[in-house]
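Here the structure is a predicted model, which means the values were calculated and not measured. Positions are given from 1 along the sequence.
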Amino acid sequence: MGALVPPGTITGPSVAALPQLSDIAKTEGAGDWALDLAGAITGGLLQPHGADEEVACCTAALAELRATAAARLQPGLDGKIYLSWLRAMLAFDGQPLWFEALDDFTDSLVTVDRPHCDAPVTIAVGDYGCYSSIRDWNLGDTHHVPLRPAVPHELTGAGRILHESAVRGGQHRLAWGLTHLFGRAECTGCGSVFGIADEYAAANAPAPWDFARDHTKDAL
């Protein structure tokens, strides 16, 4: 995998490999490996890559890869496998931001900038708690403030789509984590309350986010 996905960068040759990987992904044996590799490549497109021409030539391959990943997303899958295919589908849909942010919520940590005082806040979702805090490298997370998870039926956009997919797939832990990721947190410094996903996207999504514009689907 390292030859096509060098550490920290996506290259033209790695993107150009997507059509071949799409063909391999439909086969047995190496199909799962090819789908994982294609997801890693496409998910890396948040990084500066200089491969816009190669990406523009891969529209059909991305659609085929998405269909292959969708076919694998069946109820009853092991949680890690389900998450792998869901993350791959997000990448093929042009949503590498959520490809990177999504995990199994066993010990999930993301950092967002406080909207009013512009300092980093750690957001934790997992077995050790669901809270916002200021991370001290000597003392660890200090001053925990519980997160405010979203009410499922009030979710919108990517949060709604992902949560509904997790529920359909019987992935209760994932669905639970998504209500927190797309919920709200309190700034431990100034006390302001903000949308976690909104602030994460503002800090991490490139502007303009052209790749997502042409590929994002309405439903998973």
Side-chain angles (χ1 to χ4, degrees), residues 1-74 77 79-104 108 110 157-159 161-166 169 171 174 178 181-182 197 200-220:
M1 183 179 291
L4 289 175
V5 192
T9 186
I10 297 298
T11 66
S14 57
V15 174
L18 290 173
Q20 183 178 3
L21 289 172
S22 177
D23 291 338
I24 299 172
K26 300 171 189 174
T27 67
E28 295 188 15
D32 289 356
W33 170 85
L35 194 64
D36 280 338
L37 178 54
I41 293 169
T42 313
L45 290 174
L46 266 184
Q47 307 163 11
H49 51 76
D52 291 338
E53 292 185 7
E54 289 84 353
V55 171
C57 292
C58 288
T59 301
L62 288 168
E64 291 177 355
L65 284 162
R66 185 193 188 280
T68 302
R72 285 170 163 78
L73 273 180
Q74 299 296 324
L77 282 175
K80 290 184 178 180
I81 295 174
Y82 188 95
L83 181 62
S84 176
W85 300 148
L86 180 60
R87 292 180 74 242
M89 183 179 285
L90 287 168
F92 304 141
D93 271 346
Q95 301 186 63
L97 179 72
W98 302 121
F99 168 91
E100 290 193 347
L102 209 59
D103 67 12
D104 62 5
S108 175
V110 297
I161 293 169
L162 290 169
H163 187 269
E164 290 179 351
S165 176
Q171 303 296 321
L174 178 60
L178 287 163
L181 179 63
F182 286 87
Y200 180 80
N204 293 282
W209 196 0
D210 293 329
F211 181 71
R213 187 175 305 155
D214 294 331
H215 294 81
T216 303
K217 302 288 188 280
D218 294 329
L220 290 173

Candidate pair Trp98 and Tyr200, rule side-chain contact (heavy atoms from CB on, under 4.5 Å), full reasoning: CA-CA 10 Å; Trp98 302 121; Tyr200 180 80; 3.8 Å; yes

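- With a 4.5 Å cut-off on side-chain heavy atoms, Leu90 and Trp85 do not count as touching.
- A heavy-atom distance below 4.5 Å is not found between the side chains of Arg72 and Met89.
- Atom CG of residue Leu21 and atom CG of residue Leu37 lie 5.0 Å apart, to the nearest 0.5 angstrom.
- Rounded to the nearest 0.5 Å, atoms CD1 (Ile41) and CG (Leu18) are 5.0 Å apart.
- Thr68 contributes a side-chain N or O that, together with a main-chain N or O of Glu64, makes up a donor-acceptor pair within less than 3.5 Å.
- Here the closest heavy-atom approach between residue Ala16 and residue Pro19 is recorded as O-CD, 3.3 Å.
- At least one side-chain heavy atom of Thr27 sits under 4.5 Å from a side-chain heavy atom of Ile24.
- Residues Leu65 and Ala25 come closest through the heavy atom pair CD2-CB, 4.3 Å.
- Partner of Ser108 under the side-chain contact (heavy atoms from CB on, under 4.5 Å) criterion, out of Leu181, Leu102, Asp103: Asp103 alone.
- Here the closest heavy-atom approach between residue Gly43 and residue Ala91 is recorded as N-CB, 3.6 Å.
- Closest heavy-atom contact between Ala69 and Leu35: CA-CD2, 4.0 Å.
- The two atoms that bring Leu86 and Ser165 nearest to each other are CD1-OG, 4.0 Å, heavy atoms only.
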Stepwise side-chain contact (heavy atoms from CB on, under 4.5 Å) test for Ser22 and Phe92: CA-CA 11 Å; Ser22 177; Phe92 304 141; over 6 Å; no

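- Applying the salt bridge (Lys or Arg N to Asp or Glu O under 4.0 Å) rule to Glu54 yields no partners; only residues at least two apart in sequence or on another chain are considered.
- Put simply, CD on Gln171 and CD1 on Ile81 are 10.0 Å apart, with the number rounded to the nearest 0.5 Å.
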Step-by-step side-chain contact (heavy atoms from CB on, under 4.5 Å) determination, Tyr82 to Asp104: CA-CA 10 Å; Tyr82 188 95; Asp104 62 5; over 6 Å; no

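- Counting all heavy atoms, side chain and backbone alike, Phe182 lies closest to Ala197 at CD2-CB, 3.5 Å.
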Val15/Leu45 under side-chain contact (heavy atoms from CB on, under 4.5 Å): CA gap, chis, key distance, verdict: CA-CA 9 Å; Val15 174; Leu45 290 174; 4.1 Å; yes

